[in-house]
S.K.: 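Handing you a structure now.
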Amino acid sequence: MENNLNENTKPREETPKSGNEGILAKLNDGSIGAVDDVKLKGANNNKIINILFTIVSIGIVLYTLYIGIFGMPTVMVHRISHVCVILFAAPMVYPSKIFKEGTKIELIFNIFCTAVGIISALYALANWMRFFSYSLNTLDIIMLSILVVAVLESTRRAIGIPMVIIAFVAIVYCLVGPYMPGALAHKGYTFERIINMICVGTEGLFSSTLGTASVEIAAFLIFSALLQASGALQYFMRLAFSVAGGYTGGPAKVAVISSAMMGTVSGSTVANVTATGSITIPLMKMMGFKPQYAGSVEAVSSAGGSITPPVLGATAFLIAEFLDISYWEVAVAAIIPAILYYVSLFNSVHVKSVKEGLTGLPKEELPSKRESLKDAIFLILPIVILIVLMAMQFSALMAAIYSTLALLVVTNFKKETRLNLQILRKTCRMALKSMLAVSAACASAGVIIATLSMTGLGQKVGAIITEFSGGNLLVALILTQLAALLLGTGLVTPATYTLLAVLCAPALIDLGASPIAAHLFIFHFAILGTLTPPVSLAAFAAAGIAGSNPMKTGLTALKLALPGFLIPYFFVMNPTLVGQGEWIAIAIDMVTAIIGVFFMDYALEGYIKHKLNVVMRVMCIASGILLIYPNYAISAVGLGIAVAVVIIERLTRKKGSTEAV
């Protein structure tokens, strides 16, 4: 069906029922949530390498479960071994993009990269204790240099060139420090000293950032892979359709709910877009939403999943590591911002649907709420166990492992979700592939952090932010946001967060932001970078499914997510929104903030029950900002403006109705 329905068209009457049924039928035939096997593009799917990849993937999954239960070996042994696995897998999974994919020369080059990387890592593993004498010989320097290059090459393949360029510039900066101007100058270091700092000990390549990626994050990626293999997406989508599919703008609301449910576990915005968007985007188009709006709803919904507890994507573990607090504290602090994000998005979709007269799906086509909940509850149970264990202050690793074991048990409750050896094999391979991007990014981030530590650039950047901001926290937040959005367009979230946590977070804290608020601020904008043109990866992925213009979809997503761009400012200025303070104050501020984001949505759409004029839209924006401002007197003014908007809107609507009669 065409998408050019006008505002007064009733899509339910004109949309062929069979078309909806054709899409919804995918929720029942097993095609949604099915696990696709990992394709070894760099190895041309060579049979022998495929077998080796399977063995290694099964090994790392079993090893992660083992260390969670019985403890891990020496830190350096563990982290070097993890890097060794990454250096084996990355060239096999990701093509070099230097030679033509599928050619013999490409295969030979990738095998060479793998072999060289593994040999250098094994050399480090065999000699790491001797390295602590900080007296490296020529062979040590050569092998460790090769190791750094191999890590950066794996990073280039897994997440792209920007991170590698930053690391290369950082290393060069260490060498040319005496020749740099002004505050950027430093005494300079020899190449041997740089390699020492990067590769010896736990301050560089093998930092705690990599440690977090190789333990807690790895455990959660295994849980996520297993949850997807169990068909959770299929059941969560059915549940979302049963709850919201029949309401005004139902398919769009389903996108919001289902993407939140899957995104909080998968932690991958783009992967979430492609998984849930294959169902929600076509349905939104069928029900009358323009393609670019349908794509933007899915993109913004999927991005929010990574900031939503209990999992919050991989980066939350890094926040806990930086702040030396429990993961549970990070999850609790993220609850209210996540609620505000999705309340705003859900309301925006509702207002848009009412504005354009877009109805929901016919109830007879929707799954039964009772049956959907009954079918999904056993897969929700492991997630509940995860939340309970973290609330009981279990370590993130143990919580993930126990939840994984619980998931292995509950998948046997239904024949449709029972996991055979073939699915488990695919799950292990998927888990290893998921680890590649995060671990490679964290290893490369360690290289950069080591050089920042040597040169003191981290402290200098903080001083520069403080100087440019004139000591004003708001200006410093704007500068940090711009940096996060810039890096977030080209780097994965953990890499963006790690760099800015070192460079910007100390300055924000010195200017008065609470530590958890400062780090969550950076985290939010690292994720929102995937929605920010010109390289809005999430929006571009959604545009591909929607068949819309990528740039227009990105701009629409930016508008839709605008309240999400303001929320981080509000929780930095008002720490009660990250759970800091008395519970009564937290509850009051949360309620006023929810009302505030509602009125921001009204301003952005220019509509409540009818079209708003410019003055009314300005009043809505003012009301929204004042309601979230951390001052009860100012919030009361905002509430007064909100009441005035509602009264004026009703009077205007009644007047219009009377004149029409």
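Remember, predicted model here, so these are calculated numbers, not experimental data. This chain uses plain numbering: 1 for the first residue, then up along the sequence.
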S.K.: Between Phe346 and Tyr342, is the ring centre distance below 6.0 Å?
M.R.: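 Centroid distance Phe346-Tyr342: not below 6.0 Å, so no.
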
S.K.: Is there a side-chain contact between Thr498 and Phe322, using heavy atoms and a 4.5 Å cut-off?
M.R.: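 Yes, side chains in contact.
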
S.K.: Which of these, Phe565, Tyr497, Tyr569, sits in a ring-ring contact (aromatic ring centres under 6.0 Å, His included) with Phe521?
M.R.: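 Exactly one pass, corresponding to Tyr569.
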
S.K.: Please report whether the ring centroid of Tyr63 lies less than 6.0 Å from that of Tyr66.
M.R.: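 So the answer is no for these two rings.
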
S.K.: Under a 3.5 Å cutoff, is there a donor and acceptor pairing between the side chains of Arg429 and Asn50?
M.R.: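 Their side chains do contain a donor-acceptor pair, which is all the 3.5 Å distance test asks for.
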
S.K.: Rounded at 0.5 Å granularity, tell me how far CE in Met72 sits from OG1 in Thr64.
M.R.: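 Here the interatomic distance stands at 10.0 Å.
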
S.K.: Compare all side-chain heavy atoms of Phe394 with those of Val388 and state whether any distance is below 4.5 angstrom.
M.R.: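 Result no, sub-4.5 Å side-chain heavy-atom pair not found.
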
S.K.: Taking all non-hydrogen atoms of both residues into account, name the closest pair between Ile527 and Ala303 and its distance.
M.R.: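 Heavy atoms of Ile527 and Ala303 come nearest at CG2-O, 3.4 Å.
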
S.K.: Whether the side chain of Ser348 engages the backbone of Ser344 through a donor-acceptor N/O pair (distance < 3.5 Å, no angle test) should be reported.
M.R.: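 Absent.
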
S.K.: Answer yes or no: is there a donor N or O on one side and an acceptor on the other, between the side chain of Lys433 and the main chain of Val93, under 3.5 Å?
M.R.: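 Between the backbone of Val93 and the side chain of Lys433 there is no qualifying donor-acceptor contact (under 3.5 Å).
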
S.K.: To the nearest 0.5 angstrom, please state how far the CD atom of Glu329 sits from the CD1 atom of Ile319.
M.R.: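 Between Glu329 CD and Ile319 CD1, I get 12.5 Å after rounding to 0.5 Å.
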
S.K.: Rounded at 0.5 Å granularity, tell me how far OG1 in Thr54 sits from CG in Asp37.
M.R.: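 These two atoms lie 7.0 Å from each other.
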
S.K.: Minimum heavy-atom separation for Pro568 to Phe525, with atom names?
M.R.: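 Minimum heavy-atom contact is CB-CE1, 3.6 Å.
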
S.K.: Taking the side chain as every heavy atom from C-beta outward, state whether Leu562 and Met600 have any pair of such atoms under 4.5 Å apart.
M.R.: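 They are not in contact (no side-chain heavy atoms under 4.5 Å apart), so the answer is no.
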
S.K.: Quick check: His350 with Phe598 (ring centres under 6.0 Å apart)?
M.R.: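 Between Phe598 and His350, the centre distance exceeds or equals 6.0 Å.
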
S.K.: Can you check whether Val38's main-chain N or O pairs, donor with acceptor, with Lys426's side chain at less than 3.5 Å?
M.R.: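 Here the side-chain-to-backbone pair does not exist.
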
S.K.: Do any N or O atoms from the side chain of Thr576 and from the backbone of Ala585 form a donor-acceptor pair under 3.5 angstrom?
M.R.: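 Checking the backbone N and O of Ala585 against the side chain of Thr576, no donor-acceptor pair under 3.5 Å is found.
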
S.K.: If you apply the rule side-chain contact (heavy atoms from CB on, under 4.5 Å), what do you find for Ile516 with Leu323, and how did you get there?
M.R.: CA-CA 8 Å; Ile516 186 65; Leu323 294 177; 3.8 Å; yes

S.K.: Using modelled atom types only, decide if a donor and an acceptor are shared between the side chain of Asn412 and the backbone of Leu408 within a distance under 3.5 Å.
M.R.: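 The answer is yes, because a donor-acceptor pair under 3.5 Å joins these two groups.
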
S.K.: For a 4.5 angstrom cut-off between non-hydrogen side-chain atoms, does Cys442 reach Thr212?
M.R.: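 A side-chain contact is absent here, since even the closest heavy-atom pair is not under 4.5 Å.
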
S.K.: Asn420 side chain to Ile423 main-chain N or O, any donor-acceptor pair under 3.5 Å?
M.R.: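 Yes; judged by distance alone, with no hydrogens or angles, the pair exists.
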
S.K.: Hey, does the side chain of Ser296 reach the backbone of Tyr293 with a donor-acceptor pair shorter than 3.5 angstrom?
M.R.: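 Here the side-chain-to-backbone pair exists.
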
S.K.: Are any non-hydrogen side-chain atoms of Leu577 and Asp589 less than 4.5 angstrom apart?
M.R.: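 They are in side-chain contact.
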
S.K.: Would you check if Ser403 and Ile383 make a side-chain contact, meaning some heavy-atom pair closer than 4.5 Å?
M.R.: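 Not in contact.
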
S.K.: Taking only residues two or more places apart in sequence, or in another chain, which ones meet Phe571 in a ring-ring contact (aromatic ring centres under 6.0 Å, His included)?
M.R.: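 Partners of Phe571 under the ring-ring contact (aromatic ring centres under 6.0 Å, His included) test: His524.
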
S.K.: Please report the closest heavy-atom contact between Thr592 and Leu627, naming both atoms and the distance.
M.R.: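 Smallest interatomic distance, heavy atoms only, reads OG1-O, 3.2 Å.
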
S.K.: Could you please spell out the steps behind the side-chain contact (heavy atoms from CB on, under 4.5 Å) verdict for Leu566 and Ile628?
M.R.: CA-CA 10 Å; Leu566 297 176; Ile628 306 176; over 6 Å; no

S.K.: Where do Leu531 and Leu558 land on the side-chain contact (heavy atoms from CB on, under 4.5 Å) test, with the steps shown first?
M.R.: CA-CA 6 Å; Leu531 299 174; Leu558 186 62; 5.7 Å; no

S.K.: Can you tell me if Thr411 and Ser230 form a side-chain donor-acceptor pair at under 3.5 Å?
M.R.: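 Per modelled atom types, Thr411 and Ser230 side chains form no pair under 3.5 Å.
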
S.K.: Just how far is it from atom CG of Leu221 to atom OG1 of Thr404, taken to the nearest 0.5 Å?
M.R.: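 Leu221 CG to Thr404 OG1: 10.5 Å, rounded to 0.5 Å.
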
S.K.: According to side-chain hydrogen bond (donor to acceptor under 3.5 Å, both in side chains), who are the partners of Arg418, at least two apart in sequence or on a separate chain?
M.R.: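 Not a single residue meets the side-chain hydrogen bond (donor to acceptor under 3.5 Å, both in side chains) criterion with Arg418.
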
S.K.: Donor-acceptor pair, distance only, cut-off 3.5 Å: does the side chain of Lys285 make one with the backbone of Ala546?
M.R.: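 Yes, because the side chain of Lys285 sits within donor-acceptor range (under 3.5 Å) of the backbone of Ala546.
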
S.K.: Just how far is it from atom CD1 of Ile86 to atom CG of Leu432, taken to the nearest 0.5 Å?
M.R.: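 Answer for the CD1-CG pair, Ile86 versus Leu432, is 6.5 Å.
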
S.K.: With the side chain counted from C-beta on, respond yes when Met435 and Ile222 share a heavy-atom pair under 4.5 Å apart, and no when they do not.
M.R.: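 Yes; the side chains approach each other to less than 4.5 Å.
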
S.K.: Please check if any side-chain donor atom of Glu298 sits under 3.5 Å from a side-chain acceptor atom of Ser302, or the reverse.
M.R.: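 There is such a pair (donor and acceptor under 3.5 Å, judged by atom type) between the side chains of Glu298 and Ser302.
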
S.K.: Carefully, step by step, assess Thr427 and Val61 under the rule side-chain contact (heavy atoms from CB on, under 4.5 Å).
M.R.: CA-CA 10 Å; Thr427 302; Val61 168; over 6 Å; no

S.K.: Measure across Gly68 and Leu397 and return the closest heavy-atom pair with its distance rounded to 0.1 Å.
M.R.: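 In this case the closest contact between Gly68 and Leu397 is CA-CD2, 3.5 Å.
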
S.K.: Tell me, yes or no, whether the heavy-atom count around Tyr94 atom OH, taken from other residues, nucleotides or ligands under 6.0 Å, exceeds 12.
M.R.: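 Yes - once you tally the heavy atoms of other residues, nucleotides and ligands closer than 6.0 Å, there are more than 12.
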
S.K.: Looking only at non-hydrogen atoms, find the nearest pair between Ala557 and Ala539 and report the distance.
M.R.: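 Closest approach of Ala557 to Ala539, heavy atoms only: CB-CB, 4.4 Å.
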
S.K.: Crowded around Lys559 NZ? As in, over 12 foreign heavy atoms under 6.0 Å?
M.R.: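 Buried by this count: over 12 neighbours within 6.0 Å.
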
S.K.: May I ask you to test the Tyr341-Ile307 pair for a side-chain heavy-atom distance under 4.5 Å?
M.R.: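 Side-chain contact under 4.5 Å: yes.
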
S.K.: Identify the two heavy atoms, one from Ala213 and one from Ser439, that lie closest to each other, and give their separation to 0.1 Å.
M.R.: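 Scanning both residues, the minimum pair turns out to be CB-OG, 4.0 Å.
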
S.K.: Enter the distance from Leu210:CG to Leu318:CG here, rounded to the nearest 0.5 Å.
M.R.: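 Here the interatomic distance stands at 10.5 Å.
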
S.K.: Are any side-chain N or O atoms of Lys369 and backbone N or O atoms of Val243, one a donor and one an acceptor, separated by less than 3.5 Å?
M.R.: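 Between the backbone of Val243 and the side chain of Lys369 there is no qualifying donor-acceptor contact (under 3.5 Å).
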
S.K.: For the side chain of Ser57 and the backbone of Phe53, is there at least one donor-acceptor N/O pair under 3.5 Å apart?
M.R.: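 Here the side-chain-to-backbone pair exists.
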
